[in-house]
Amino acid sequence: MVRHFSFKTLAILLLGMAFSSVAHSQQVNSTTPTLSRVESDKKFAAALQSIADECRAKSLEKQAVETAALNFARDPGRLYVFLPTETTVAAASNDADPSLKAWHDKLQSARLNYAAELLKLATELAAADRGAEAFQLVHESLHWDPTLEVARKALGHRQTDSGWQPYSERLKVKMATRAHSLTKWNSGEYLLVS
């Protein structure tokens, strides 16, 4: 199983790097969704900086460092891989210091807003036939908000009694028996994977 996961991860990385280099070679004009990504990143970075500054003002240095660590400078020539997690950020307990609770709430709000923006951008990229970039953003949106059901379903995750199952162990592949309603492919010309 570990060998299977490693191969999958390597394959995703190699495919992502190939698609990334193609995407970077294309000209970007002022109406492309890529600029929305830059704006979203700047807005998220500003929100994180504001939260970190508030923490420093309240002498919450550990929280300031944790908050600042969430922001990192992106190199446009690199591919960043975000794998989904099963857990969310632990909520502050009811008996926690009000300053810690306020920090947690603001940080969680910033994360959720950023995840929603990334998911919206992924939808726009998919509609613009830029599937590789959209796929990456859906994964990243799950990194920031593991509870995004739409993103989990888009990636083929299945909800079970014990939580979300990221990838099905048993895939069934069969030839389609009827025409595809969206793409108008004839029966027998495409495969169904379930």
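Start at 1 with the first residue, then count along the sequence.
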Going by the angle between their ring planes, with limits at 30° and 60°, are F82 and W144 parallel, tilted or perpendicular?
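Aromatic pair F82/W144 classed tilted.
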Might you point out which heavy atoms bring [X] and [Y] nearest each other, and give the distance in Å?
X    : Y    : result
K106 : I51  : O-CD1, 3.6 Å
P146 : R152 : O-NE, 3.0 Å
R111 : H143 : NH2-O, 3.2 Å
A52  : T67  : N-CG2, 3.9 Å
Q63  : C55  : CB-SG, 3.8 Å
Y190 : M175 : O-SD, 3.4 Å

Do R130 side-chain atoms and E124 backbone N/O form a donor-acceptor pair below 3.5 Å?
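Flag not set: sc R130 to bb E124 has no pair under 3.5 Å.
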Does S36 offer a backbone N or O that forms a donor-acceptor pair with the side chain of S40 under 3.5 Å?
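Checked: pair present.
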Does one side chain, of E117 or N113, offer a donor that lies under 3.5 Å from an acceptor on the other?
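Absent: no donor and acceptor within the cut-off.
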Nearest 0.5 angstrom please: [X] [atom1] to [Y] [atom2], how far?
X    : Y    : atom1 : atom2 : answer
W103 : Q108 : CH2   : CD    : 10.0 Å
L148 : L112 : CG    : CG    : 8.0 Å
D75  : Y80  : CG    : OH    : 5.0 Å

Any [X] side-chain heavy atom under 4.5 Å of [Y] side chain:
X    : Y    : result
R74  : F72  : yes
H139 : L155 : yes
L137 : E133 : no
L70  : E66  : no
L107 : L48  : yes
Q136 : L79  : yes

Kindly determine whether D145 and L119 satisfy side-chain contact (heavy atoms from CB on, under 4.5 Å), including the steps that lead there.
CA-CA 10 Å; D145 181 7; L119 192 58; over 6 Å; no
Holding to side chain to side chain donor-acceptor pair (under 3.5 Å), I want the full list of residues that pass it with S141, two or more places apart in sequence or in another chain.
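S141 satisfies side chain to side chain donor-acceptor pair (under 3.5 Å) with no other residue.
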In one Ile/Leu/Val/Met/Phe/Trp/Tyr side-chain cluster, 4.5 Å: W185, L192
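Yes, because W185 and L192 connect within a single hydrophobic cluster, where side-chain heavy atoms sit under 4.5 Å apart.
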